[in-house]
Amino acid sequence: MVGLFTNLQGEIEPKEAFSIEKTLYCGQLFRFYFKDGVFFLPYLNSLLKLEEKSSTIYYSVFGEALSDLQIKKILGLNHSINKINSYLAKRDPRFKIVIEFANGLRIMSLPPYETAISFIFSIQSSIPVIKKRLNTLSEYAGHCIEIGGEKFHLFPKSSDLKSLSKKEISLLKLGFREKFFAEFIKKYDETFFENLKQLNYEEKRKELLKIKGIGEKVGQCILLFSLDELSAFPVDVWIKRGMKYFFNEVGTERKLSETGRKIFGEFAGYAQEYMYYFLRFSDVKTC
DNA sequence: CGCCAGGACAGCC
DNA sequence: GGCTGTCCTGGC
C-alpha cells in the first residue's frame, strides 16, 4: 500500500485536439485499464483516473499527489498540437490524411525506467502479451492501490526488482528476453535514466544502445516516450511498411529512422505515432 | 495441430 | 557498415 490515500480531483479543458483513446491505444503505454468509460493509469506512485465528457477531462489522483501541470505533461497536453500538425503537413503534404486521421493523439511523458523495461518486454511480442508480462511483474513486486474493492498495482521500483527471485523472473515467461531483463534490473535504476535527460539526443541514444536488449527500435521508443525527444522515430514492422507506402523508402531500421527524422524534423516522433495509428486503425491497407 | 507475428544480437562477410 | 539465422510465447 502506498501511504495514505489522497484523492485529488480536478478537470482539464484541452485548448486543442485531445483524445484519450487515441493517446492510449497507440502503443506508447501498455498498462492502463478501461472500465465503464473510465481509464485508470498507474504512474509512478500514483493512480490516475481519467474520464472524458464532452471534451472536458475529469481526473482523480490516488496515492501520491500529482499537480494539474504534471498531469498535463504526462498526457502531452503541454504540446502545441496545432503548430505541430501544420509543421508536419508542411514538411510533407502527402501526410495530411494521416495527421487528420490521428488528430488528438498525444505523445505522453512516461517514466523512463518503466518504459525501458516495457519495451524490452515488447521485443517480438504482441501488445496483449506485453501487457500480461508487465501486469504479472507489477503484481509480484509493485505496490497495490485499492479503490472500491478493485486492486491496481503500481509499477515496481528498481529497489523492488533487485530482490526478485529467479523463480519469480521465470514465471514472467519472458523467453529469450529473460536474460536481458535479469541483467537490466541488476545494472540499472531510475537514477541512471534521470541522468540521461541531461544529455543530447545522440548521447542519450548511444547510452541506451549499450544496454543489452535495447536496439535501435526499442531505444527510440524510450527516447520518444520518456526522455523528451520528440524527434525520435522508432521503426517497427508497421512503420517499415508505412515508409514504403508513403515515401517509397526501404532499408534497415537505422536508415529508415534517419530518413523519417529528416523528413519530419523536430516533431518526427509525432509523425511516427500518427503513422502507426493510421496504419493500424484506418481502412487503408498498405500490404 | 501448424502457422504466424514481433526485434535484438552474434557471427558472418 | 549490411545480411542471415536464431531466439520464445501466445493467439488463431
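Computed over heavy atoms, backbone and side chain alike; hydrogens, waters and symmetry mates excluded.
- Side-chain nitrogen and oxygen atoms of A:Lys217 include at least one within less than 4.0 Å of the OP1 or OP2 phosphate oxygen of B:dG7.
- B:dG7 atom P lies 16 Å from atom NZ of A:Lys179, rounded to whole Å.
- Considering only the side chain of A:Val237, B:dG6 comes nearest among B:dG6, C:dC7, B:dA8.
- For A:Lys212, the side-chain atoms get nearest to B:dA10 when compared with the rest of B:dA8, C:dG10, B:dA10.
- Judged by a 6.0 Å distance limit and a 45° cone about the ring axis, A:Lys53 is positioned over the six-membered ring of A:Tyr58.
- When the P atom of B:dA8 is taken as reference, atom CZ of A:Phe181 falls 18 Å away, rounded to whole Å.
- Of all nucleotides listed (B:dA8, B:dG6, C:dC8), B:dG6 comes nearest to the side chain of A:Trp238.
- Judged purely by distance below 3.5 Å, without hydrogens or angles, the side chains of A:Gln220 and A:Ser257 pair a donor atom with an acceptor atom.
- Of the listed residues (A:Met243, A:Lys244, A:Arg261), just one forms a side-chain contact (heavy atoms from CB on, under 4.5 Å) with A:Leu256, and that residue is A:Met243.
- Across all strands, A:Glu253 comes closer than 4.0 Å only to sugar-phosphate atoms, never to a base (heavy-atom distances).
- Regarding contacts with the backbone of C:dT9, every side-chain N or O of A:Lys131 stays at 4.0 angstrom or more from both OP1 and OP2.
- Atom CG in A:Leu171 sits about 12 Å away from atom P in C:dG10, given to the nearest Å.
- The CD1 atom of A:Ile214 sits 9 Å away from the P atom of B:dC9 (whole-angstrom rounding).
- The separation between A:Tyr276 atom OH and B:dG7 atom P is 8 Å, rounded to whole Å.
- Rounded to an integer number of Å, the gap from NZ of A:Lys132 to C1' of C:dG11 is 9 Å.
- Using a 4.0 Å heavy-atom cutoff across all strands shown, A:Arg254 reaches no nucleic acid atom at all.
- Distance from the side chain of A:Arg241 is smallest to B:dG6 among C:dG10, B:dG7, B:dG6.
- Counting any heavy atom pair closer than 4.0 Å across all strands shown, A:Ile120 reaches no nucleic acid atom.
- Counting non-hydrogen atoms under 4.0 angstrom, A:Ser126 reaches nothing in the nucleic acid.
- The side-chain contact (heavy atoms from CB on, under 4.5 Å) with A:Cys26 is formed by just one residue from the set A:Arg280, A:Met108, A:Glu273; it is A:Glu273.
- Between A:Leu134 atom CG and C:dT9 atom P there is a gap of 16 Å when expressed in whole angstrom units.
- Considering only the side chain of A:Phe180, B:dC9 comes nearest among C:dC3, B:dC9, C:dG11.
- In this structure, CD of A:Glu216 is placed 8 Å from P of B:dA8, rounded to the nearest angstrom.
- The environment of CG in A:Leu209 is crowded: more than 12 heavy-atom neighbours from other residues, nucleotides or ligands sit within 6.0 Å.
- Between A:Gln124 and A:Val129, the residue whose closest nucleotide on DNA chain C is further toward the 5' end is A:Gln124.
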